[in-house]
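One structure follows; several queries about it will come next.
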Amino acid sequence: MEEKIKIIKQSTVEVIEEEELKEVLSKEDPIAYTGYEPSGKIHLGHAITIMKLKQLQTLGFKIKILLADYHAFLNGKGSVEEISEIAEYNKQCFKGLGLDETTEYILGSQFQTQAEYTNNVYQLATLTTLKRARRSMDMVSREDENPKVASTIYPLMQTVDMAALECDIALGGLEQRKIQMLAREGLPKLGFKPPVCIHTPLLHGLDGADKMSSSKGNFIAVDDSEEEIKEKIRQSYCPKGEVEGNPLIEIAEHFVYPFEDKLIIERPEKFGGNLELSQEELIETYGQGNLHPMDLKNAITNYMIEFLRPVREYMNSQS
RNA sequence: CCCGCCUUAGCUCAAUUUGGCAGAGCGUUGGACUGUAGAUCCAAAUGUUGCUGGUUCAAGUCCGGCAGGCGGGACCA
């Protein structure tokens with residue numbers, strides 16, 4: 001039990017609340033869920049949550065992935081029809097990332113218009129202030145000079161999703177935090193037990209922006225070609241000696257060290273020759289400016305090409 | 001339902017009281033400099049001026065209609 005909790009907490013920002021997690025772990029068939037707005041590209045930011053879901057899967061959780069087509073629609077991403085096509089592509093990406101056959105993929109529009117569901121949304125609407133609903137969307141809402149009423153329905157639906165999917169854990173990136181907290185407050189009022197909320201860190205964009213996001217083009221997609229990976233990393237923001245907010249250091253933390261003890265860096269003799277660095281050594285060496293950004297970039301490029309190989313091969317086999 | 005205002009490059013905005021070749025900053029792209037990127041310097045690309053009809057030699061600019069947005073009024077006896 002303690003061991004499981006330790007694994008679950010690994011490389012997350014927070015677990016709310018840990019005591020409740022213990023209860024969940026003692027259940028027979030616990031359910032973990034994450035919702036994704038269908039997106040033109042599935043990138044490394046998404047991959048962080050998918051890897052956590054894979055981990056939960058190995059710990060005995062039933063995984064439900066919500067392909068939140070209605071949410072994307074409410075967020076102004078296109079027509080429901082267009083979005084559901086993208087959802088199908090996203091599903092393939094998720095499978096390519098290694099979620100197993102027991103994973104359940106659920107299209108939001110399949111259940112989000114049912115009478116009971118809708119009634120719960122209306123109930124919640126009477127219990128939630130406009131400002132609170134708007135505020136919860138701070139990090140999620142598409143930028144809009146003229147915000148729509150839809151953006152306030154969104155968090156209400158996300159709350160009711162948790163009840164409808166009967167999840168014990170709601171996993172998401174840190175940008176989901178305010179909605180998740182709204183949900184934990186709202187669900188008891190509707191007579192439901194709120195899930196344990198687990199938040200994973202946000203990856204900085206390759207351009208150094210606060211957040212990797214599909215709308216800004218500052219991401220590596222999980223199905224990018226080897227050439228695209230090389231080119232994107234080559235162009236990435238990577239100040240020498242700076243660890244904080246450095247997307248390449250973050251990629252090493254999240255996509256190399258969970259699987260390898262040492263990061264292997266191939267470096268020309270004239271710059272000091274090859275290196276093998278543990279996570280701590282990488283932070284220290286790079287932070288002192290003793291590892292050139294280009295050597296780091298080359299190393300990360302090799303690892304990412306290998307890490308994403310299964311996804312590329314899976315996607316190719318599907319088309 | 002009525003009145004007023006707004007709509008120009010990907011973004012923010014210019015374009016002379018009085019119609020005369022549609023511009024800048026940011027961003028993007030390319031080069032220079034760096035053993036990366038960024039910063040800096042140099043260079044380039046980018047437009048159905050919301051749509052539509054009219055006036056005029058000539059319309060972003062004036063007139064009509066429409067759409068979207070913002071604000072107000074009215075309705076609530």
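Numbered from 1 within each chain, the chains take letters A, B, ... in sequence-line order.
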Euclidean distance for P, B/G4 against B/C21 (whole angstrom):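 Here B/G4 and B/C21 have their P atoms 31 Å from each other.
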
B/C70: pairing nucleotide in any strand, Watson-Crick or G-U under 3.5 angstrom: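 Pair assignment: B/C70 / B/G4.
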
Atom of A/Ile50, atom of A/Tyr36 and distance for their closest heavy-atom approach: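 So the two residues come closest at CD1-OH, 3.3 Å.
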
Opposite nucleotide pairing with B/A9, Watson-Crick or G-U, both atom distances under 3.5 Å: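 Pair assignment: B/A9 / none.
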
Rounded interatomic separation in angstrom, taking NZ from A/Lys240 and C1' from B/A39: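 Those two atoms, NZ and C1', are 16 Å apart.
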
d(CD, A/Glu242; C1', B/U36) in whole Å: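 After rounding, the gap between these two atoms is 14 Å.
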
Integer angstrom distance from the C1' of B/G50 to that of B/C57: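 Taking atom C1' in both B/G50 and B/C57, they lie 28 Å apart.
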
Pairwise P distance, B/U17 and B/U12 [rounded to whole Å]: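 Comparing P positions in B/U12 and B/U17 gives a spacing of 25 Å.
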
Value in whole Å for how far the P atom of B/A37 lies from NZ of A/Lys230: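 Roughly 17 Å, once rounded to whole Å.
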
Atom pair distance, as rounded to whole Å: CD in A/Gln235 and P in B/U28: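 It works out to 10 Å between those atoms.
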
Under 3.5 Å on both distances, the Watson-Crick or G-U partner of B/C33: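 Pairing partner: none.
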
Parallel, tilted or perpendicular, as decided by the 30° and 60° cut-offs, for the rings of A/Phe307 and A/Phe259: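 Rings of A/Phe259 and A/Phe307: tilted, 30 to 60°.
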
Whole-angstrom distance between B/G69 and B/G60, as gauged at atom P: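 Between the two P atoms, the distance is 26 Å.
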
Side chain proximity check, A/Ile16 to A/Met181, heavy atoms < 4.5 angstrom: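 A/Ile16 reaches A/Met181 side chain to side chain.
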
Separation of the P atoms in B/G10 and B/A45, to the nearest angstrom: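 Taking atom P in both B/G10 and B/A45, they lie 16 Å apart.
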
Atom-to-atom span, CE of A/Met294 to P of B/U36 - whole angstrom: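 After rounding, the gap between these two atoms is 6 Å.
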
Donor-acceptor pair (no angle test) under 3.5 Å: A/Asn146 side chain, B/G68 base: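 There is none.
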
Nearest-angstrom distance, C1' atom, B/U61 to B/G73: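 Here B/U61 and B/G73 have their C1' atoms 30 Å from each other.
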
Whole angstrom value for the distance that separates C1' of B/G35 from OH of A/Tyr286: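 The answer, rounded to whole Å, is 13 Å.
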
Euclidean distance, atom NE2 of residue A/His292 to atom P of B/A37 [Å, nearest integer]: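 Rounded to the whole Å, the gap is 9 Å.
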
Parallel, tilted or perpendicular: ring planes of A/Tyr70 versus A/Phe73, cut at 30 and 60 degrees: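 Correct class here is perpendicular.
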
Sugar-phosphate, base or nothing in reach of A/Asp295, heavy atoms under 4.0 Å: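 Here A/Asp295 touches the bases of the nucleic acid.
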
B/G47 pairs with, by Watson-Crick or G-U criteria that keep both distances under 3.5 Å: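 By the stated definition (distances under 3.5 Å), nothing pairs with B/G47.
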
Span that lies between the P atom of B/C13 and that of B/U52, in whole angstrom: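 Their P atoms lie roughly 25 Å apart.
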
Span that lies between the P atom of B/A22 and that of B/A9, in whole angstrom: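 15 Å, rounded to whole Å.
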
Length of the CG-C1' vector between A/Asn246 and B/A37, whole Å: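 That distance rounds to 10 Å.
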
Spatial distance of atom CZ (A/Arg132) from atom CG (A/Leu127) [nearest 0.5 Å]: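 One finds 12.0 Å between CZ of A/Arg132 and CG of A/Leu127.
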
ring centroid sep under 5.5 Å plus plane angle under 30, A/Tyr237 with B/G38: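 Here the ring of A/Tyr237 and the base of B/G38 are not stacked, as the 5.5 Å and 30° limits are not both satisfied.
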
Ring geometry between A/Phe111 and A/Tyr117 (parallel below 30°, tilted from 30 to 60°, perpendicular above 60°):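 It falls in the perpendicular class, over 60°.
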
